[in-house]
> 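Structure incoming, see below.
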Amino acid sequence: MSDSDLFKRFKDAMGVPWEEPPGSKRLPGVDDDPLPIPPPGSPEQHIRPDDIRSSAVAEPGVGSMITRNLPGADVTLMVTPPEGDDLWTIRGRIWLDPPDDTVGIKAALCQGENVLAVEDVSELGEFELRDILVGAWSLEFHLSDGRCMVVRGPEV
């Protein structure tokens, strides 16, 4: 019995008409081109463990407000540790200096070379990323003009 005979018998037994699959479709956020690794020399700032732990110890589920200045941008973050088995939440805002409405920004939550979450930054510069964090993590800001800026988080 050939493959085509088996397929015909299966199709007849199931009573399901065969339809050609649709053409290639792209899923937003899934099939996008991967983000490049930040180029060497990309501006970086670091978040100290105390910046996050101090608020978590005081009251679980309450975030820490963190501000970092990078060459070409200012970033304010609210890093909220999870309660129980929940996800870490990183909300923030980025301001380009000087302001430039023609430059798009993608915010990416990363661990090592793995991109955990990506979001297009809104017109107001706002973003929110949520995921499980284990170990060292970072936020990468990829600008449509090719620049990249990194804020490195502490081990969690």
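Just so it is clear, the values below take in all heavy atoms, side chains as well, and ignore hydrogens, waters and symmetry mates.
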> Which residues pass the salt bridge (charged side-chain N to carboxylate O under 4.0 Å, His left out) test with D86, sequence neighbours left out?
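Residues passing salt bridge (charged side-chain N to carboxylate O under 4.0 Å, His left out) with D86: R130.
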> Which residue, V103, V121, D101, forms the side chain to side chain contact (heavy atoms under 4.5 Å, CB included) with L96?
V103
> Measure the shortest side-chain to side-chain distance between L116 and L133 over non-hydrogen atoms and say whether it is less than 4.5 angstrom.
yes
> Can you name the salt bridge (charged side-chain N to carboxylate O under 4.0 Å, His left out) partners of E119, sequence neighbours left out?
none
> Can you check whether W88 reaches T80 side chain to side chain, under 4.5 Å on heavy atoms?
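They are not in contact (no side-chain heavy atoms under 4.5 Å apart), so the answer is no.
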> Considering only heavy atoms from C-beta outward, does the side chain of W95 approach that of L124 to under 4.5 Å?
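No, too far: nothing below the 4.5 Å cut-off.
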> My understanding is that only residues two or more places apart in sequence, or in another chain, count here; which of them pass side chain to side chain contact (heavy atoms under 4.5 Å, CB included) with A136?
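E155.
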> Not counting sequence neighbours, which residues clear side-chain hydrogen bond (donor to acceptor under 3.5 Å, both in side chains) with D131? List them please.
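D131 satisfies side-chain hydrogen bond (donor to acceptor under 3.5 Å, both in side chains) with no other residue.
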> Sequence neighbours left out, cut at 3.5 Å: what donor-acceptor pairs do the side chains of residues 34-45 make with other protein atoms?
| residue | atom | partner | partner atom | Å |
| --- | --- | --- | --- | --- |
| S42 | OG | P39 | O | 2.7 |
| E44 | OE1 | H46 | NE2 | 3.4 |
| E44 | OE1 | R152 | NE | 3.3 |
| E44 | OE2 | R152 | NE | 3.3 |
| E44 | OE2 | R152 | NH2 | 3.1 |
| Q45 | NE2 | N69 | O | 3.2 |

> Can you name the closest pair of heavy atoms from M149 and A73 and give their distance?
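Heavy atoms only, the tightest pair is SD-CB, 3.4 Å.
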> Hey, are the side chains of E128 and T89 touching, using non-hydrogen atoms and a 4.5 Å cut-off?
yes
> By side-chain hydrogen bond (donor to acceptor under 3.5 Å, both in side chains), which residues pair with S144, not counting sequence neighbours?
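Listed in chain order: nothing, the list is empty.
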> My understanding is that a hydrophobic cluster links ILVMFWY residues whose side chain heavy atoms are under 4.5 Å apart, including indirect links. Using that, what else belongs to the cluster containing V134?
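Besides V134, the cluster holds L87, I132.
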> So do V75 and T67 actually touch side chain to side chain, heavy atoms under 4.5 Å?
no
> Once side-chain hydrogen bond (donor to acceptor under 3.5 Å, both in side chains) is applied, do any residues pair with D100, and if so which ones, sequence neighbours excluded?
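side-chain hydrogen bond (donor to acceptor under 3.5 Å, both in side chains) check on D100 returns T102.
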> Taking the side chain as C-beta and beyond, is there a heavy-atom pair between I94 and D74 under 4.5 Å?
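In short, these two side chains do not touch, never coming nearer than 4.5 Å.
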> Honestly curious: do L70 and I105 fall in one hydrophobic cluster under the side-chain, below-4.5 Å linking rule?
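Yes, L70 and I105 fall within the same hydrophobic cluster.
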> Mind checking what makes salt bridge (charged side-chain N to carboxylate O under 4.0 Å, His left out) contact with D145, not counting sequence neighbours?
R147
> Using side-chain heavy atoms (C-beta onward) and a distance below 4.5 Å, is L129 in contact with V118?
no
> Would you list the pairs meeting ring-ring contact (aromatic ring centres under 6.0 Å, His included) in which at least one residue belongs to residues 113-134, sequence neighbours left out?
F127-F141
> Is M78 close to I66 at the side-chain level, that is, under 4.5 Å between some pair of heavy atoms?
no
> Test: salt bridge (charged side-chain N to carboxylate O under 4.0 Å, His left out). Region: residues 64-73. Which pairs qualify, not counting sequence neighbours?
D51-R68
> Under the side-chain hydrogen bond (donor to acceptor under 3.5 Å, both in side chains) test, which residues partner E140, sequence neighbours left out?
H142
> For P154, is there any backbone N or O sitting under 3.5 Å from a side-chain donor or acceptor partner on W137?
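At least one qualifying donor-acceptor pair exists.
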> Same hydrophobic cluster for L143 and L77, using side-chain heavy-atom links shorter than 4.5 Å among ILVMFWY?
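Yes; L77 is reachable from L143 via cluster members.
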